[in-house]
Amino acid sequence: MREPVIRVESLYVAYGERPVLRGVDACVEAGEIVAIIGNSGCGKSTLLKTIVGLVQPQAGRVELFGQDSSALTPAERAPLLRRCGVMFQYGALLNSLTVGANVALPLEMHTDLSPRLRVEVAQAHLEMVGLAHAYDLFPAELSGGMRKRAALARAMALDPEILFCDEPGAGLDPVTAAEIDELLLTVNANLGTAVVVVTHELLSIGRLDGRIVMLENGTCVFSGSVAEAQAADQPAVRRFFHPAVRSTS
Amino acid sequence: MSAARATAGPGRISICGPLSVAHLGTLAAQLSELLRQAEPGPVAIDLEQITALDTAGLLFLETLPELAAAVDRQLVIGPVPERFQRFQQFVARRPRRPPAGAAPRSSRLELLGGWVLEVYHRTADLLLLASDLSWSALRALGRGPSGIRPGALVEQASALGSAALPIVAVILFLIGAVSVLQAAAQLRKFGADIFVAELLAIGITRELGPLMTAIIVAGRSGSAIAAEVATMKYSEELDALQTMSLDPLRFVAVPKLWAMVLCVPMLTIMADFVGILGGLVVGVTIMGLAPEAFVEQLVDALFLRDVASGLIKSLSFAWAVTIVGVHQGLSFSGGATGVGRATTSAVVMSIAAIIVLDSFWGLLFYLG
């Protein structure tokens with residue numbers, strides 16, 4: 001077994017009085033693809049945000065690269081976060097910067113690369129996601145799919161060891177969504193990046209074919225391969241993979 | 001992990017350690033120094049001992065021949081270790097885009113022309129919107145589908161009008177007080193300090209009351225209108241209204257226009273009253289003027305004409321602030337910074353418009 005890069009232990013998160021995660025245990029190994037799945041509102045995005053430190057858990061612990069990240073101060077956590085890339089649901093590109101500047105931003109702030117090398121590294125990442133021509137465009141000039149690709153390039157800028165993607169296919173046409181998944185697979189296969197995807201799209205889950213972690217009501221109810229999930233007996237998993245369509249005659 | 005470093009042997013230089021974005025450090029400087037010291041002739045770069053390689057590292061290797069050319073050496077760059085070769089092929093470049101060059105510069109004449117056109121289009125837009133919105137507002141008085149949604153007017157009047165009461169009151173009280181303080185000190189030299197009452201009455205009702213109220217409203221409500229409209233445009237709410245065959249202008253802007261046109265004159269009446277009160281308080285307590293004489297003088301000096309001219313002014317100010325706010329909100333482009341820009345220019349342009357209108361009215365009333 002490879003060493004885990006993320007380990008989450010009995011994580012408890014509540015927004016005000018309302019608990020969202022109640023004791024989640026999960027782990028991600030280096031170079032693995034993990035799909036966190038579940039119905040809307042089951043706490044998928046919260047789990048992701050808690051792992052990257054955007055949400056502070058009330059109880060439990062998050063280990064990143066073997067260190068207890070929830071116990072660290074933001075300054076101590078920063079070097080760990082630099083080894084992670086996050087692709088947000090709507091891209092979250094900074095609208096005031098060009099696409100190229102968005103990708104080069106982490107390089108500019110966190111490394112001492114020469115300005116020229118910075119431009120080249122940013123451009124190389126844009127090329128990897130198929131946006132070679134977009135360096136000088138502004139995010140407002142991009143389509144939804146291009147924005148996602150640019151966000152992926154920015155998340156990849158520092159060649160992270162873990163790539164988090166919140167709903168990579170949301171709001172995209174099936175072709176573009178498949179291309180994004182393809183990109184994630186390429187990145188995983190060639191760069192050895194662990195990919196953690198939050199999604200609820202069956203097609204995407206099948207394409208990525210990674211390990212599945214299913215959340216239901218704030219707890220982890222299933223962990224295993226896609227094939228195992230499709231054959232699983234638990235009612236929550238069955239409902240998710242074989243949703244019954246009631247006729248409305 | 002420690003930084004990548006370079007060690008030299010005869011005719012060759014080895015790079016050891018992680019060749020990755022966070023560990024490149026001073027490698028370029030080290031290599032350049034080693035190359036300068038090397039014997040003339042080709043130098044082999046040995047990559048067998050690198051422990052990590054990422055995109056930045058690979059691109060760094062591509063810059064090495066240039067580095068060597070600068071010190072007049074030739075390089076033979078060795079292959080990367082077996083386990084990184086797949087990665088190298090993945091990053092292997094397609095035809096490279098040249099580093100961002102300067103965009104061709106336009107001549108000054110072109111810039112001037114572009115600016116004039118821009119100003120022309122913006123002014124035309126603004127006038128068009130002003131007439132459109134005013135016409136919609138008038139039509140909204142009728143019943144039926146073009147009318148104002150019930151409740152919207154009250155909602156807007158409360159947000160844009162009555163919520164501004166305290167701040168307008170405080171500021172006008174102070175303005176009245178300070179005016180009397182300044183003027184009475186001057187008039188006292190001529191023994192005419194009781195005339196400060198007349199100055200106060202006319203100054204506040206004709207000029208300071210409407211003007212200060214409008215400026216406060218421009219800062220409070222003009223910015224709010226611009227930000228709201230810009231955000232609605234950004235989040236496609238305006239488009240949504242259109243698809244429900246609701247005119248966004250009528251639905252969003254008309255209640256605001258009516259609320260402003262009704263509330264700002266009312267605010268101005270309150271402002272006149274509080275401003276005069278502030279002057280009265282200071283005149284009586286600090287300047288030692290007799291209250292009866294002060295009030296008598298005030299009443300003698302004040303004509304309905306003064307108050308009415310102030311109200312006409314404030315009506316036009318309210319109209320201008322709303323139009324400018326909506327216009328700036330609609331002409332917003334590009335995300336969060338765009339909303340900020342729209343808000344700022346709404347306030348700046350509203351205040352400019354208020355001062356220009358004020359001069360216009362001042363001239364008109366003075367000549368008339």
Side-chain angles (χ1 to χ4, degrees), chain A residues 78-79 82-83 90-101 103-104 106-108 110-128 130-142 147 153 156-161 183 186-193, chain B residues 1 3-4 18-29 31-32 52-64 66-67 70 83-104 230 233-236 332-341:
Chain A
R82 262 172 241 163
R83 296 162 68 186
Y90 300 104
L93 297 172
L94 301 177
N95 276 305
S96 51
L97 301 178
T98 62
V99 171
V103 180
L107 296 163
E108 193 183 329
H110 294 316
T111 70
D112 44 12
L113 298 187
S114 69
R116 202 191 117 194
L117 199 53
R118 251 180 356 229
V119 171
E120 295 206 349
V121 174
Q123 176 64 18
H125 283 113
L126 283 175
E127 279 170 16
M128 281 182 212
L131 284 180
H133 57 288
Y135 197 96
D136 290 322
L137 298 180
F138 279 91
E141 299 170 280
L142 302 185
R147 224 172 282 179
M156 300 275 304
L158 293 173
D159 287 73
E161 290 160 61
L183 265 174
T186 317
V187 165
N188 172 263
N190 292 287
L191 310 188
T193 313
Chain B
M1 269 192 283
L19 198 59
S20 61
V21 65
H23 303 103
L24 287 176
T26 56
L27 196 57
L31 279 171
S32 170
L53 183 67
D54 67 3
T55 315
L58 265 180
L59 294 178
F60 174 77
L61 289 180
E62 287 185 15
T63 64
L64 287 186
E66 233 174 274
L67 195 75
R83 61 199 167 105
F84 297 126
Q85 277 176 7
R86 188 168 177 196
F87 170 67
Q88 189 184 27
Q89 279 156 17
F90 174 63
V91 183
R93 319 299 303 285
R94 292 154 280 268
R96 183 101 50 88
R97 163 191 173 279
K233 186 181 173 193
Y234 182 62
S235 53
E236 296 181 321
F332 132 96
S333 63
T337 33
V339 177
R341 220 171 19 234

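So you know, we letter chains A, B, ... as the sequences are listed, proteins then strands, and number each from 1.
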At a 4.5 Å cut-off on heavy atoms, which part of B/Thr55 comes close to chain A: side chain, backbone, both, or neither? both
Heavy-atom proximity to chain A below 4.5 Å, by part of B/Phe84: neither
Closest non-hydrogen atoms of A/Leu117 and B/Ala56, given as atom of the first, atom of the second and distance, are CD2-O, 4.5 Å
Under 4.5 Å to a heavy atom of chain B? For A/Ala157 that would be neither
Between B/Val21 and A/Thr111, what is the shortest heavy-atom contact and its length? CG2-CG2, 3.4 Å
Would you say B/Glu236 has more than 12 foreign heavy atoms packed within less than 6.0 Å of its CD? no
Quick one: side-chain contact (heavy atoms from CB on, under 4.5 Å) partners of A/Ala153, sequence neighbours excluded? A/Val103, A/His125, A/Leu126, A/Val129
Contact class of A/Asn190 relative to chain B, heavy atoms under 4.5 angstrom: both
Under 4.5 Å heavy-atom distance to chain B, tell me which part of A/Leu113 shows up: side chain, backbone, both or neither. side chain
Atom CG in B/Leu58, atom CD in A/Glu120: separation rounded to 0.5 Å? 12.0 Å
Tell me, side chain or backbone of A/Leu107 under 4.5 Å from chain B's heavy atoms, or both, or neither? side chain
